[in-house]
Amino acid sequence: MQKYDPKKVEKKWQQQWEEGRVFEVSEDPPQEKKFYALIEFPYPSGAGLHVGHPRPFTAMDVISRKRRMEGYNVLYPIGFDAFGLPTENYAIKTGRPPAEVTAENIATFTRQLKALGFSFDWSRAVDTTDPKYYRWTQWIFLQFFKHGLAYKKNQPINWCPSCKIGLANEEVVNGACERCGYAPVEKRNKEQWMLAITKYADKLLAGLKEVDYIPQARVQQENWIGRSEGAVVRFSVIPAPAGIQSGMIVEVFTTRPDTLFGATYMVLAPEHELVKRLKSRILNAAEVGAYLEQVNKKTEQERTAEGREKTGVELKGIKAINPVNNEAIPVWIADYVLASYGTGAIMAVPAHDQRDWEFASKYHLPIKQVVAAHFIEPVHPPQPGKKTKRRQTVHAIVRRKSDGKILMLQWKGAMWEGREPRTFIIGGTEAGEDPVVSAEREIKEETGYRNLRFVKDLGLEVHTEYHAAHKDENRYAEIRVLHFELNSDEQDTVSAAEMEKHTPVWIEPEEVGNFINVVDGPFIWNWFNHGGQAYTPDGISINSDFLTGLSTPEAKAKMIAWLEEQGIGKRQVNYKLRDWVFSRQRYWGEPIPLVYCENCAQRKPKILYIHGIYGYSEENWIPWFRKEMKKRGYEVLAPNLPNNVHPSLDKWLKTLADLPIGKDESLIVVGHSLGGPAACQFVLKHSAQIERLILISPTGDRQEAINWKNLRDAGCDEESIECIKKFNAANQSLDKVRNLAKETIIYLSEDDPFVPLSVTDNYSPLRAKVKIFKNKGHFNERAGILELPEILDEFPDVQSFNSGWIPLPEDKLPLELPKVAKYQPTDTGESPLAAMTEWVKTTCPRCGGPARRETDTMPNWAGSSWYFLRYCDPHNNKEFASMKKLEYWMGRNTVIPNEREESLSQSPNGQRSFPLAPARGQDDSTGGGVDWYNGGMEHTVLHLLYSRFWNQFLYDLGLVPTREPYKKRTSHGLILGPDGEKMSKSRGNVVNPDEMVEQYGADALRMYIMFMGPFDQPVAWDTNGVKGVKRFLEKVWAIQNNNKFDREGEDGWIFDDQLKLVHKLIRKITTDIDEMKFNTAIAKMMEFINEISSNSVISRGVWKIFLKLLSPFAPHIADELWNSEPFFENNGSLASEKWPIVDEKNLYEERMTIVIQVNGKVRARQQVGTNLDEEIIKRNALSDDRVQKWLEGKAPKKIIYVKGRLVSIVV
RNA sequence: GCCGCCGUGGCGAAAUUGGUAUACGCGUAGCACUCAAAAUGCUAUGACCGUAAGGUCUUGUGGGUUCGAGUCCCUCCGGCGGCACCA
């Protein structure tokens, strides 16, 4: 017998797979069944692979190998995410070029990965640092830039004053620099490139609904995006600061507009711009100045280290007016209000916000309750149809000073049928009566105790509804809770009438919670014990004018409606998500392909206005528009176009082409009505940079896109109509227009007589933002539109356009990283590239003048944000990937009908905007993406969110076929070192896979990694476990080499038991792999081997099935045995064999074990026939001696039979 | 503090989703093979009582629902992960 020598076997098969190109896949010709399995590509560190890396790789390899055998065309790609800090830091230390080091590391990783026998398609391997790859990373960045989603902004960076280097967030440990001797990190302001991911916040949130992610990943993304719904409310501030007219406004954001009546003060973030502007009016300017300085000095570290005790200072002399009741409230600044969230200012409602409560308590600010807790007694709920009596009541918590016990009432009466209430001392308050007085009266009347001291009002109103059985009426109790102390037991006599109703009892404090049996009791008791806090849950509004009596959701809605009506606030959604800082002042990253041109920065966009048929230019709102735009610094071109009555697109375009617009100028193009198509075609033909394309009631060429009847009724003759039709029909190639304009906006009116809302279908390739109005008609003089202030949002001050940053032409990409002499960042915090004067100095690709290059590079996240797309078409040098190949591997979205109609009908008051639905059958869709993506929990927030953002952006540009990149996402648990700690060089607990392969073989290593524990949970490494799996593989090897196999051909003998065994195994392995329960799958294989090895003769059919089931886990040994003498004459890898299918008839059991329980304890087991019926099984069970013994002659009360499992007898 | 997850032998862990708790593996002990060791094979292995047959207890704690709870509900204790003054 040959010995099992994994080294020999594994090398042999790895070579065969490679030479036979077994795992290289093609989309040509497209096979129907495809499967795209994705793992997070590794960072090729200098340390090489450690034993944790292969866990996700092996898992997806098992799944991929199984799918392949199930007939899928499986893409299982691999690559390297090779830009990164460690390599850069190594370069700084040693001076070795990162590219060189990276190449070596990739070689090591490749060798190690290949030794583990993964079924990767190596021909598709990508490397993010390869210029052929990052050319497209840069290209995608340029698309962001061209669509206005990349912009420069002053942002603080982490700066280590000792290393003189900007730090990544992950290099900052507890506010100190990780690189050097932990010097404290400073913040430095620097202009940084930002990606406007916040513009996709709602889309990223919505997309989570259509994908199959592990719940944790979905929840973490949701939290990170942090959507909250509320309102912005405008408070005016008095006195107005000098030089500014009165009525100066501060906006606050709140999620609880229902508590506006409880806003007793206002807090501004210290950085709030108003603080500076108000300076001259602040009476305690010195104090405020000192506070600001103190806040400024505080580092992040100190802020968190202080235990977050809230500090603040009042702006004396300043008041804010609460717009709901015109009360003047104090204004404070405090650093618990963040400048970066909401509006940087809050209205403080201390009664219903814990932070405000703490602050108000500390600084003795008024606390006003405006929401009452609300309960409905579940045992005796109010009954419909019965009258409801409202009663003011008090609950008195009376604590005896001597022993701390609590005085309570045990009721006897019939207030509630079937249950005697146990409560605090309760009583009614008469109209106008002080609650303290009524409580004292009630205590005396009900219990006789009189030596009372009032301690405090708990400051909480509770509303409880119940049905009072003795009066058969519903009660609505408004309860105040008062705390008393009893100083001595002196007692007056209690009236007989009271004694009949209830008995006073003294209860130990620990028992109060159990004693009390009314619904609000535990809540009140808990509140009493916690002392002061804010009541934050929902409830019923009180002390709130027109909101009083409403539930919290009702009150919120009503308040928002009221605010909007009054024009002092509006509904608003806020996100925690911030824009993405995309600049790194580093060398080892993708260069940002932009140059700065002083000359171009001077050039400002012009506005081109294109009128419609009959030339409305000077007849409706255009004069107003011209004036407004001049104010903003624009030059407006509004030509009169020829043949207004019978227009032709060609002639119009010719006239437009003659306008004084330079080829390299930037434009905002506005087209109204027939001018809409003209504007689109102009944009397509002219080479100007289009900042914005604004279409107002544009005509379309579909039947339903114009209301011809109304047009005729309005006096349009047939010849004009023909012209319009031709004109519209010539409006082609809109999908190209989309990528020329940075932003496209369409204005429509619900009551437009000529252009209905359905015109959006026509313009769908533009993927424009659509704004829908009421009562604007056709936006012309007929509708009385002489001004259109809504449009002003699209025209910021001209100065804000064209910062001077000019993109490199796309055919000049990639912009390669130049070789530098030193990798150390410069003293000023700029990237080492900034030191290369000859590289930085360049010419402007737009005007040819002198310009300088951007020296920032992109963050590590860039390359990994789209690598899954490149895998689909890795060698394409014309596009980042072809649509055809993407559609094959990623699939495409399928339509959900009516989604657009829904968003339309939701439109509450006109001004809402929503993304335009592109051509039918392409959007409003779901279903595509990488079939299965597995990765680490540490990437479920950033990497996943960033790559979803990129994919959604590319989808909006029409460049990828699916909105969501990943259909399904799972996560693996970390593999820890043998000591249970995270593996790391510094801890010295790293296990090297090379050694494991050397000693036990790749198959044993793979199997152990899958066997260690549940895939999604962290597990500590235990080399002994590898031994155990190796033993299993040796056993498998030995069985094939030592046992007899039947010689009668496949299944010639009926090996019933063996067949049953193996078919059960097929079922188990098949489902377990799909559910990633690899550990139990392997356990079952071990059981199978333990059982089958006791047979003297083994069915070769059964054994072949087993080898197939084993092959995804241990592919080398499985292929070797499959091809081994003396039993099999197979040829080639199991990868091209078929996965076995369960045959139900082989699973049939003739006998089953029935467990018999007596009073819930197992007392006997019986083997019975499978098809016996229930009565017989029960009878058998009862007659069993062991059962009889436990019955002790008693008759069973109940017998339960669970099919195929057990009989449970109760006596 | 908030959100989410998890507590089962000496260890990693199973448990058909409410129905035989401790499968499978590791470790340990004994035996066999060996001059010996390693490797391998066989046997035993939750705890307690008992020579045994057998019995009792047992899934972090305490309670509840149920004929029946590791699994469902509530309380507390312990651990892990994420967010963290987000109005």
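Atoms considered below: every heavy atom in the structure, side chains included; atoms not considered: hydrogens, waters and symmetry mates.
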Listed by chain and number, what are the ring pair (Phe, Tyr, Trp, His ring centres under 6.0 Å) partners of [X], not counting sequence neighbours?
{"X": "A:Phe1106", "value": "A:Phe1088, A:Trp1103"}
{"X": "A:Trp224", "value": "none"}
{"X": "A:Tyr363", "value": "A:Trp332, A:Phe359"}
{"X": "A:Phe1011", "value": "none"}

Q: Taking atom C1' in both B:U20 and B:G27, compute the distance separating them and give it to the nearest angstrom.
A: 27 Å
Q) Between B:A29 and B:A21, how far is it from one P atom to the other, in whole Å? A)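 One P to the other, the span is 31 Å.
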What's the closest nucleotide to the side chain of [X] if the choices are [options]?
{"X": "A:Pro1014", "options": "B:A87, B:U20, B:A14", "answer": "B:A14"}
{"X": "A:Lys1035", "options": "B:U20, B:G19, B:G41", "answer": "B:G41"}
{"X": "A:Arg1031", "options": "B:G4, B:G27, B:A87", "answer": "B:G27"}

Q. Are A:Arg218 and A:Glu222 ion-paired here, with the side-chain N under 4.0 Å from a carboxylate O?
A.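 Between A:Glu222 and A:Arg218 there is a salt bridge, with a charged N closer than 4.0 Å to a carboxylate O.
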**Q.** Side chains of A:Tyr213 and A:Ser971, donor plus acceptor under 3.5 Å
**A.**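 Their side chains do not contain a donor-acceptor pair, so the 3.5 Å distance test is not met.
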Who passes salt bridge (Lys or Arg N to Asp or Glu O under 4.0 Å) against [X], sequence neighbours left out?
{"X": "A:Lys1189", "result": "none"}
{"X": "A:Asp520", "result": "none"}
{"X": "A:Arg227", "result": "A:Glu229"}

Which part of the nucleic acid does [X] contact within heavy-atom distance under 4.0 Å: base, sugar-phosphate only, or nothing?
{"X": "A:Lys1027", "value": "nothing"}
{"X": "A:Trp1190", "value": "sugar-phosphate"}
{"X": "A:Gly1028", "value": "sugar-phosphate"}
{"X": "A:Asn223", "value": "nothing"}

Atom pairs, protein N/O to nucleotides 22-24 of chain B N/O, distance under 3.5 Å:
{"from": "B:A23", "atom 1": "O2'", "to": "A:Glu1087", "atom 2": "OE2", "distance (Å)": "3.1"}

N/O to N/O distances under 3.5 Å, protein versus nucleotides 59-70 of chain B:
{"from": "B:C67", "atom 1": "OP1", "to": "A:Lys1198", "atom 2": "NZ", "distance (Å)": "3.0"}
{"from": "B:C67", "atom 1": "O2", "to": "A:Ser1208", "atom 2": "OG", "distance (Å)": "2.7"}

**Q.** side chain to side chain donor-acceptor pair (under 3.5 Å) pairs, two or more places apart, involving residues 1012-1022 of chain A
**A.** A:Trp1021-A:Thr1023
Q: Kindly state each residue pair satisfying side chain to side chain donor-acceptor pair (under 3.5 Å) with at least one member in residues 1068-1079 of chain A, sequence neighbours excluded.
A: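 Sorted result for residues 1068-1079 of chain A: A:Lys66-A:Asp1074, A:Arg67-A:Asp1074, A:Lys1068-A:Asp1072, A:Thr1070-A:Trp1139, A:Asp1072-A:Thr1080, A:Glu1075-A:Lys1077.
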Show the distances under 3.5 angstrom between N or O atoms of the protein and N or O atoms of nucleotides 29-32 of chain B.
none

Q. Does A:Arg1205 make a side-chain donor-acceptor contact with the base of B:U20, cut-off 3.5 Å?
A.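 Flag unset: no donor-acceptor pair detected.
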